[in-house]
Amino acid sequence: MSRFSAWSAAAVLLAAALLMPGTAAAHGIGMSQLRLRIDGAHIEGEWEIQLRDARRALGLDPTVAGEPGWREVRDRESQLRAYLAGRLSLTGDSLACPLELTPAPMEWQLLQSQVMFHLVAACPSEFKRLGIHCDFLFDLDPTHRAYFSVEDARVTSVGALDAGLRSVAFDVHQFHVLSTITEFIREGTHHIWTGFDHMLFLLALLLPAPLVRKGVDWSPRAGFWRTAREVTKVVTAFTLAHTLTLCLSFFGAVTLRAQWVEVGIAFSVFAAAWNNLRPFLPGRAWVMAMTFGLVHGLGFAGALSNLMLPRHARGLALASFNVGVELGQLAVVALMLPLLYGSSRRSWYPRLVMGAGSVVIAWLAVIWMLERGFSLSLFAHR
C-alpha cells in the first residue's frame, strides 16, 4: 500500500469497518468509497455509496433501509445519476480527465447496504500526477467521508476526503516496458557494486584463479586463457546458483529470515578467504561459488523485494534486476582479471596479495558474522 499518510491509512481501516453489515447505519456516519484503477491514460473504477446517503442525496427519508429503501432509489436511478454528474472530477497533470458513469445499471449490495456505479475516465495523455475533487453530499452532511483507493502500476494510494478537504493530488506510477527494464537493470548493477560483502566473496574466490597449488606452495598458472577459464568457471557457478535462489525466493518458494541470510553471506566470505589460507577445497573454487551462491541469491531477492515492483510485470522486473547483477559482476571481473593475472606473475603475489588479502577479508567476515548474528555494532562508524 502506498504512502499517502498514516491518517489516510487509518481512514481506510475505518472505511473497511464501516462496510461491515449494519455498522454504518448503527453509527449514523455517512460514507462513500471510490475505487480507481489506472492504465495509461485510461481510468476505470467503482463508486460505492451507502443507501442512506443515496436517499439523502435524492431528498428521501435516509432511515428507510433494506429492500424498500433500495426499490425507491432504483426507481429514481436517473435522478441520482443526474445528481452525481459533476460531483466528482479527475485531472491528470492538471488536465481534465472527462469522467462519466457507465450505462451499466446501478448495483445493489445488500450486505453492505450500498449502491454501486461503474465509472470510466479518459485523460488526454498518460500522466504522472492524479488529482481528485469530490463535492458529493458534503454540503448536506458535513460529517460525510469519501474514501478513495487508486491502484496504479506499482502501488495503491489511499485516503479520505471530507467537507474541509475536497481535493487531493498525488503521484502515480505508469508502466513502460523499456523504462522498467532500464530501471531494474540499473538497480541490479547498483546492488552488486554497493554490496561490499558480495564483492569480497567474489574477490576471495578469484584471488587464487591465476595460481596453481603444488604441495604447500603456489605457482603461476600457465597462460592467460587458462586463468580466464578458471575465472569463467567460478563466475558461471556463482551466477547459476544465485539466479536459482533469487527466483525461488522472489516467488515465495524459499523463505529465510533476513538476519540469517546476512549471516550466511558473511560466513561465505569467511569460507572463501579461509580456503585460500588453509585449502579445504583446493582447486575447486567453483564448488564454493555454487554452494554459497545459493545464499547470495537470497540476499539479492531481499534487496529486490524492497523495491517498488510493477504489479503486472514482476517477472520482467526480476529478470531485469538479475541482468543488472550479472552486468555489474562481469564489469568487475573484466577489471580484476588482467590485474590479477599480471600481478600473479610476481613472486610476492601468493603471500602479499592472496595471503594478506585473504586474511583481511576473513577478518572483516568474522566482524560481519558477529554483528549480524548478535545484532552488535563493533564499529560505531559503520
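Being a predicted model, the structure only gives us computed values, none of them experimental.
Atom CZ in Arg37 sits 4.5 Å away from atom CD in Glu44 (nearest 0.5 Å). To the nearest 0.5 Å, the span separating OH on Tyr349 from OH on Tyr341 amounts to 12.5 Å. To the nearest 0.5 Å, atom CG of residue Leu298 and atom CG of residue Leu256 are 5.5 Å apart. With values rounded to the nearest 0.5 angstrom, Leu309 atom CG is found 5.0 Å from Leu304 atom CG. Atom CE in Met288 sits 7.0 Å away from atom CG in Leu205 (nearest 0.5 Å). The CD1 atom of Ile192 sits 10.5 Å away from the CG atom of Leu330 when rounded to the nearest 0.5 Å.
Cluster annotation: Val325 and Val323 are assigned to distinct hydrophobic clusters (Ile/Leu/Val/Met/Phe/Trp/Tyr, side-chain heavy-atom contacts under 4.5 Å, transitive). Under the 4.5 Å side-chain heavy-atom criterion for Ile, Leu, Val, Met, Phe, Trp and Tyr, Val295 and Leu246 are members of distinct hydrophobic clusters. Taking hydrophobic clusters as Ile, Leu, Val, Met, Phe, Trp and Tyr residues chained together by side-chain heavy-atom distances below 4.5 Å, Met106 shares a cluster with Leu99. By the criterion of side-chain heavy atoms lying less than 4.5 angstrom apart, applied directly or through intervening Ile, Leu, Val, Met, Phe, Trp or Tyr residues, Leu337 is grouped together with Leu202 in one hydrophobic cluster. At a threshold of 4.5 Å between side-chain heavy atoms, the hydrophobic network of Ile, Leu, Val, Met, Phe, Trp and Tyr places Phe224 and Met336 in one connected group.
Panel note: side chain Ser305, backbone Gly302; a donor-acceptor pair is recorded below 3.5 Å. Of the possible polar contacts, none joining the Ser249 side chain to the Thr245 backbone as a donor-acceptor pair under 3.5 Å is found. The main-chain N or O of Arg372 is found under 3.5 Å from a side-chain atom of Gln259 such that the two form a donor-acceptor pair. One N or O on the side chain of Asp53 and one on the backbone of Met31 form a donor-acceptor pair closer than 3.5 Å. Within the 3.5 Å criterion, the main-chain N or O of Ala57 finds no donor-acceptor partner in the side chain of Tyr83. Without hydrogens or angle criteria, Arg345 side chain to Pro220 main chain gives no donor-acceptor distance under 3.5 Å. Judged purely by atom type and a 3.5 angstrom limit, Asn276 has no side-chain atom pairing as donor or acceptor with the backbone of Ser358. Side-chain N or O atoms of Thr182 include none that pairs as donor or acceptor with a backbone N or O of Ser179 at under 3.5 Å. In terms of modelled atom types and a separation under 3.5 Å, the side chain of Asp162 and the main chain of Arg145 share no donor-acceptor contact. Side chain of Arg314 to backbone of Pro310: no donor-acceptor contact under 3.5 angstrom is found.
At most 12 non-hydrogen atoms from other residues, nucleotides or ligands lie less than 6.0 angstrom from CH2 of Trp286. By the neighbour-count criterion of 12 heavy atoms within 6.0 Å, atom CG of Asp61 is densely surrounded, having more than that number from other residues, nucleotides or ligands. Crowding of Phe374 atom CZ: a count of heavy atoms from other residues, nucleotides or ligands under 6.0 Å not exceeding 12. No more than 12 heavy-atom neighbours from other residues, nucleotides or ligands sit within 6.0 angstrom of NE2 on His190.
The aromatic rings of His198 and Phe300 lie tilted to each other, with the angle between the two planes from 30° to 60°. Taking the six-membered ring where the residue is Trp, Phe321 and His191 present tilted rings, their angle falling between 30° and 60°.
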### Query
Could you walk me through whether Glu77 and Arg74 pass the salt bridge (Lys or Arg N to Asp or Glu O under 4.0 Å) check?
CA-CA 5 Å; Glu77 178 176 346; Arg74 182 188 58 194; over 6 Å; no
### Task
List the steps, then state whether side-chain hydrogen bond (donor to acceptor under 3.5 Å, both in side chains) holds for Thr91 with Arg129.
CA-CA 8 Å; Thr91 59; Arg129 192 164 180 82; over 6 Å; no
### Message
Under the criterion side-chain contact (heavy atoms from CB on, under 4.5 Å), I'd like the reasoning laid out for Phe127 against Val172: C-alpha separation, chi angles, the key distance, then a yes or no.
### Response
CA-CA 8 Å; Phe127 52 90; Val172 299; 3.7 Å; yes
### Message
Between Asp171 and His173, is the side-chain hydrogen bond (donor to acceptor under 3.5 Å, both in side chains) condition met? List the steps.
### Response
CA-CA 7 Å; Asp171 293 335; His173 305 271; over 6 Å; no
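At least one side-chain heavy atom of Thr239 sits less than 4.5 Å from a side-chain heavy atom of Glu326. Counting heavy atoms from C-beta outward, Glu48 and Val115 have side chains that stay 4.5 Å or more apart. Two residues are said to be in side-chain contact when any heavy atoms from C-beta on lie closer than 4.5 Å; Val64 and Leu51 fail this criterion. Here the side chains of Val333 and Thr232 are not in contact, with every heavy-atom distance at 4.5 Å or above. A 4.5 Å side-chain heavy-atom check between Tyr147 and Val158 finds every atom pair outside the cut-off. At a threshold of 4.5 Å between non-hydrogen side-chain atoms, the residues Trp108 and Glu67 count as touching. For the pair Cys123/Ile43, a side-chain contact is recorded, criterion being any heavy-atom separation below 4.5 Å from C-beta on. Arg166 is not listed as a side-chain neighbour of Cys134, based on a closest heavy-atom distance of 4.5 Å or more.
In this model, no donor atom of one side chain and acceptor atom of the other lie less than 3.5 Å apart for His242 and His296. Gln174 and Glu126 share no donor-acceptor pair across their side chains, judged by distance under 3.5 Å alone. Side-chain N/O atoms of His118 and Thr102 include no donor and acceptor closer than 3.5 Å.
In summary, the aromatic rings of Phe238 and Phe292 are positioned with their centroids too far apart to meet the 6.0 Å limit. Aromatic rings from Phe270 and Trp368 are positioned such that their centres are separated by 6.0 Å or more.
Across every non-hydrogen atom of Leu211 and Arg221, the tightest pair is O-NH2, 2.9 Å. The heavy-atom pair separating Arg52 from Pro62 by the smallest distance is CB-O, 3.4 Å. Pairing each heavy atom of Ala317 with each of Phe184, the nearest pair is O-CB, 3.7 Å. Summarising the geometry of Ala331 relative to Trp193, their closest heavy-atom pair is CB-CZ2, 4.0 Å, with the distance given to 0.1 Å. Ala122 and Pro98 get closest at one heavy-atom pair: O-CD, 3.1 Å. The two residues Asp197 and Val269 make their nearest non-hydrogen contact at O-CG2, 3.4 Å.
Relative to the ring axis of Trp348, Arg346 does not place its NZ or CZ within 45° and under 6.0 Å from the centre.
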